[in-house]
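In the text below, chain A, chain B and the rest are named by the order of the sequence lines, each starting its count at 1.
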2 protein chains.
Amino acid sequence: MTTPPLSRSEAKDQTRRRLIRAALAILDQEGEAGLSTVKVAKAAGIAQSSFYVHFKDMQDLLRVLAEEGGERLRGAMREARRKAREEPGDLDRHRDTFRIPLEASCRHPELLRIQLRARHDPSSALRDFAVRTAAAYRDHHAADLAALGYTADDERDRRRLEMIAEGINAATNALAIGHLEGRYPDLDECADILTALSRGALRLLRHEATGPRHPDRSEPAHRPAPADPAAGEQRGDGG
Amino acid sequence: MTTPPLSRSEAKDQTRRRLIRAALAILDQEGEAGLSTVKVAKAAGIAQSSFYVHFKDMQDLLRVLAEEGGERLRGAMREARRKAREEPGDLDRHRDTFRIPLEASCRHPELLRIQLRARHDPSSALRDFAVRTAAAYRDHHAADLAALGYTADDERDRRRLEMIAEGINAATNALAIGHLEGRYPDLDECADILTALSRGALRLLRHEATGPRHPDRSEPAHRPAPADPAAGEQRGDGG
DNA sequence: TTTTTCACCGATAGTACTATCGGTGAAATT
DNA sequence: AATTTCACCGATAGTACTATCGGTGAAAAA
């Protein structure tokens, strides 16, 4: 038995972390309805009343949980993206676009499940987190697709690009869940399906973009896109 | 004005229906967490204790709700399918495949939202309903795709077909929600996106199904087109 | 009419959870 | 060593909900 002389603040922080982890586990296993200060505190090994030493109330804990969860997801996405950049994969840039969120999701199954649940639940304290996470994924896709050369010049194409990104995002989540449930063991195959799905949709986009049905504006307007895919959102860690 | 001489059983049945409708509304607006016998009974205009005249407990009400909801969704799907059969739409068979579930979902927004929520919530009494509904949609898609000539001979193709159907289903729900939220006003456009999405994925399937077992072959430019799904395109206009 | 039935009511016991209280002992500070 | 700080404790008041009770009046049956 190690006898690490924990300082008071270290011990407190450790308890706090136990509370957060306990809440995450209960949230994943029993859902938001199963959450209570009693259960969380007990699972963390402290008295129910001591819960309030660390958090103002359950809402407060969930806020912190969402913040940290969002950071973890974003970090996983960043990491996967970085790894994808280092690897040869020039040929499969398109495919990587789908592997990255898939891997990020599967690296944190509880967060994925919680996010999917909370997204449409008006009573959920995590709804905001879920909506923002989904928006981040959608933007990631939209930006990556734009980077692949699928520009959206007019209003309609922009909307279509968004719709495609949203559909792809939903499919990504569904396949990630399927993978986590063991139905689709091969993550590469999931990425393949997503790649194939998007390819068809993008053809529609490009088709519309190159040969407009209503040539009212003869302006090609080949604007060089936002250039940085989703890098702009968290380019922070530099190179 | 109206003086409808309601028999006792008629009045009771009407109260029961009010309870179910009230529960559905609360469920949609506040989520499962906001549900209580107090609220439901009050919204239905009766005393809380009288709730138990009609249902054993809240679980019982939710069971009935799920049964009726499932029946309504299935009915809407059946109806849309029937209507699609009657219409000329030979050209847009493929597209109809996606319009049908879209319309069915949008006809019952509360049920769609509730289903999406409950699907991944382990604490939800409606989880079973959600899972079965999702499975029904997925099967609908898989069957329709099969009807379009995309056979799945071996294990792998079967799994891929299922994955495609699951992805498409998820995208369908996402776009239906987007439509209900007003972001995608044109349901036809949603169907177009879904059509395009599936077309790419089906190409992958067909490629695997018709081509010889040589995985190194790159994308062929020719179009064998067994059942002619994409032939109709949409107004084609080669441009 | 007389009697029975029963949908509905108010009251309430019981359960589960929240959030605050004063107390305690060991770490931290003096 | 003496004092202060504070993370944690048990107890408990307060809140919200569930589910059961006996009572009531009007519809239904006799």
Can you tell whether the side chains of [X] and [Y] come within less than 4.0 Å, N to carboxylate O?
X	Y	answer
B/Arg119	B/Asp128	no
A/Glu71	A/Arg74	yes
B/Arg183	A/Glu166	yes
A/Asp60	A/Arg63	yes
B/Glu162	B/Arg159	no

ask   = Along nucleotides 24-30 of chain D, 5' to 3', which nucleotides get a B, which get an S, and which get a -, given that the test is a protein heavy-atom distance under 4.0 Å?
value = --BBS--
request  = Quickly, which of B/Arg113, B/Lys39, B/Arg117 forms a salt bridge (charged side-chain N to carboxylate O under 4.0 Å, His left out) with B/Glu30? Name it, please.
outcome  =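 Going through B/Arg113, B/Lys39, B/Arg117 one by one, the salt bridge (charged side-chain N to carboxylate O under 4.0 Å, His left out) with B/Glu30 is satisfied by B/Lys39 alone.
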inquiry  = Using Watson-Crick or G-U wobble geometry with both distances under 3.5 Å, which nucleotide pairs with D/dA11?
reply    =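 For D/dA11, the partner nucleotide comes out as C/dT20, under the 3.5 Å rule.
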Report the distance from atom [atom1] of [X] to atom [atom2] of [N], rounded to the nearest whole Å.
X	N	atom1	atom2	answer
A/Lys12	D/dT5	NZ	P	15 Å
A/Lys42	C/dT18	NZ	P	14 Å
A/Asp13	D/dC6	CG	P	16 Å

message = Under 4.0 Å, heavy atom to any atom of DNA chain D: which of residues 49-64 of chain A qualify?
response =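 Heavy-atom cutoff 4.0 Å gives A/Ser49, A/Ser50, A/Val53, A/His54.
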request  = Indicate whether the side chain of B/His140 and that of B/Arg81 have a donor and an acceptor atom separated by less than 3.5 Å.
outcome  =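 Yes, B/Arg81 and B/His140 have a side-chain donor paired with an acceptor closer than 3.5 Å.
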inquiry  = Return whichever of B/Gln48 or A/Arg18 has its heavy-atom-nearest nucleotide of DNA chain D closer to the 5' end.
reply    =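 It is A/Arg18 whose nearest nucleotide is closer to the 5' end.
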query = Should B/Glu32 and B/Ser124 count as side-chain neighbours, where that means a heavy-atom distance under 4.5 Å?
reply =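 The answer is yes; the side chains approach within 4.5 Å.
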ask   = At under 4.0 Å, does any side-chain N or O of A/Thr15 touch on OP1 or OP2 of D/dC8?
value =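 A/Thr15 to D/dC8 OP1/OP2: side-chain N or O found under 4.0 Å.
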